[in-house]
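Worksheet: the structure to be examined is printed underneath.
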Number of protein chains: 2
Amino acid sequence: MKMETALERLREKGYKRTKQRERMLEIFTNQDQYIAAKDILKTFQEDFPGVSYDTIYRNLYLLTDEEILEATELGGEKHFRLSCDTHGHHHHFICTACGKTKSIEFCPMDKVQDNLQGYDIENHKFEIYGKCPACS
Amino acid sequence: MKMETALERLREKGYKRTKQRERMLEIFTNQDQYIAAKDILKTFQEDFPGVSYDTIYRNLYLLTDEEILEATELGGEKHFRLSCDTHGHHHHFICTACGKTKSIEFCPMDKVQDNLQGYDIENHKFEIYGKCPACS
DNA sequence: GAATTAATTCGTAATCATTATTATTTACAA
DNA sequence: TTGTAAATAATAATGATTACGAATTAATTC
């Protein structure tokens with residue numbers, strides 16, 4: 001997703017355009033990887049030495065709610081990445097060494113719906129972990 | 001998995017048979033659901049009022065390493081369930097209301113291997129979340 | 001452009017799950 | 001039954017996340 005697309009989406013919803021939000025989006029731009037909240041904080045502090053935890057977490061969740069970011073939990077910590085809106089629904093291979101991801105253009109949900117008659121499906125997670133070619 | 005199978009597996013590896021480990025396995029027996037570590041602790045305290053965190057976590061991880069338990073992370077907390085060894089590799093639907101699970105006899109990995117040439121796959125996660133018939 | 005106002009951020013403390021540590025106890029084997 | 005390594009208890013520390021009142025700021029209106 002382009003930074004401008006994200007900012008526009010926020011504007012439409014009436015959210016203010018703050019330096020902090022711009023910077024946060026900037027950090028995610030062109031990063032094909034999940035980043036831990038604490039690493040966002042660390043990067044953030046370079047430009048905003050006094051940034052508060054509140055700002056980091058509130059905005060990460062806001063951006064996730066607005067589907068600008070995608071969230072997942074890796075090793076007990078919340079990680080975030082810019083949502084890919086260029087293609088449809090998909091999943092990711094995630095490198096456990098460098099954190100980089102590769103899109104998997106396949107969703108297993110089609111294959112399992114039949115076995116879940118009567119179940120109210122709200123969500124699903126399909127992630128593959130390992131080492132990318134560069135790290136292995 | 002039967003409780004006796006689990007105890008036997010521990011014995012083979014030279015682990016001691018303690019009242020705490022027996023009780024822990026008992027808690028998981030016949031529970032088709034993921035249980036949070038803190039809930040294990042709570043149940044445990046009924047029989048072992050002075051049980052330490054250390055005992056809980058050490059044994060949960062030990063049993064997971066020995067493939068007696070399966071672990072997953074739900075809502076930022078580690079959850080565990082007795083491993084099903086009656087049938088092969090599979091995945092789970094997990095009810096977000098009651099925590100009960102249903103086996104999904106399908107693994108999407110077959111479908112995606114081709115797209116991951118050169119990637120060293122270590123692990124994967126496929127979970128479906130929602131409400132089971134009883135809760136929906 | 002100044003005033004208004006609600007949203008946002010800061011500064012800091014609290015919470016909560018998990019991990020670590022040391023002394024004590026226990027299972028098991030010789 | 002005794003010795004010994006393993007396991008547990010009791011407690012403290014850690015670290016990510018959440019909470020909250022005070023101060024600041026973006027956007028709107030005049």
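What you are looking at is a predicted structure, and each value in this text was computed from that prediction instead of being measured. Chain A is the first sequence line, chain B the second, and so forth, proteins listed ahead of strands; every chain is numbered from 1.
Residue Y15(B) places no side-chain N or O under 4.0 Å from the OP1 or OP2 atom of dA27(C). Under 4.0 angstrom from either OP1 or OP2 of dT18(C) there lies at least one side-chain N or O belonging to Y57(B). Using a 4.0 Å cut-off, no side-chain N or O of T18(A) falls inside it from OP1 or OP2 of dT8(C). Between dA16(D) and K38(A), a contact under 4.0 Å exists linking OP1 or OP2 to a side-chain N or O. Phosphate proximity of dT4(D) to K16(B): absent, as no side-chain N or O sits under 4.0 Å from OP1 or OP2. Note on R58(A): a side-chain N or O is less than 4.0 Å away from OP1 or OP2 of dT9(C). Using a 4.0 Å cut-off, no side-chain N or O of Q20(A) falls inside it from OP1 or OP2 of dT25(D).
In this structure, R81(A) pairs ionically with D32(A), as a charged nitrogen and a carboxylate oxygen lie closer than 4.0 Å. E26(A) has a carboxylate O that lies under 4.0 Å from a charged side-chain N of R23(A), or vice versa, which qualifies the two as a salt bridge.
Straight-line distance from the CD1 atom of I56(A) to the C1' atom of dG15(D): 16 Å, rounded to whole Å. Following rounding to the nearest Å, L41(A) (CG) and dC10(C) (C1') show an atom-to-atom distance of 13 Å. What separates NZ of K19(B) from C1' of dT26(C) is a distance of 8 Å, to the nearest Å. Computed from coordinates, the E73(B) CD to dA16(D) C1' distance equals 12 Å when rounded to whole Å. Between the CZ atom of R23(A) and the P atom of dT9(C) there is a distance of 15 Å, given to the nearest Å. Summarising the geometry, the separation between CG on D54(A) and C1' on dA22(D) is reported as 13 Å, rounded to the nearest angstrom. Counting to the nearest Å, the P atom of dC28(C) and the CG atom of L7(B) are 11 Å from each other. For L62(A) and dT9(C), the CG to C1' distance is 14 Å, given to the nearest whole Å.
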Show the numbers, then the answer: is there a salt bridge (Lys or Arg N to Asp or Glu O under 4.0 Å) between R9(A) and E66(A)? CA-CA 8 Å; R9(A) 199 179 292 185; E66(A) 296 302 323; over 6 Å; no
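The two residues G76(B) and E73(A) have their closest heavy-atom pair at CA-OE2, 2.6 Å.
Among the nucleotides dT8(D), dT18(C), dA10(D), the one closest to the side chain of T55(B) is dT8(D). The nucleotide whose nearest atom lies closest to any side-chain atom of A37(B) is, among dC10(C), dT18(C), dA9(D), dT18(C).
Taking the six-membered ring for Trp and thresholds of 30 and 60 degrees, Y61(A) and Y57(A) have ring planes inclined between 30 and 60 degrees apart.
The 5' end of DNA chain C is approached more closely, in terms of each residue's nearest nucleotide, by Y53(B) than by the other of Y53(B) and R17(B). Between Y61(B) and G14(A), the one whose closest nucleotide on DNA chain C sits nearer the 5' end is G14(A).
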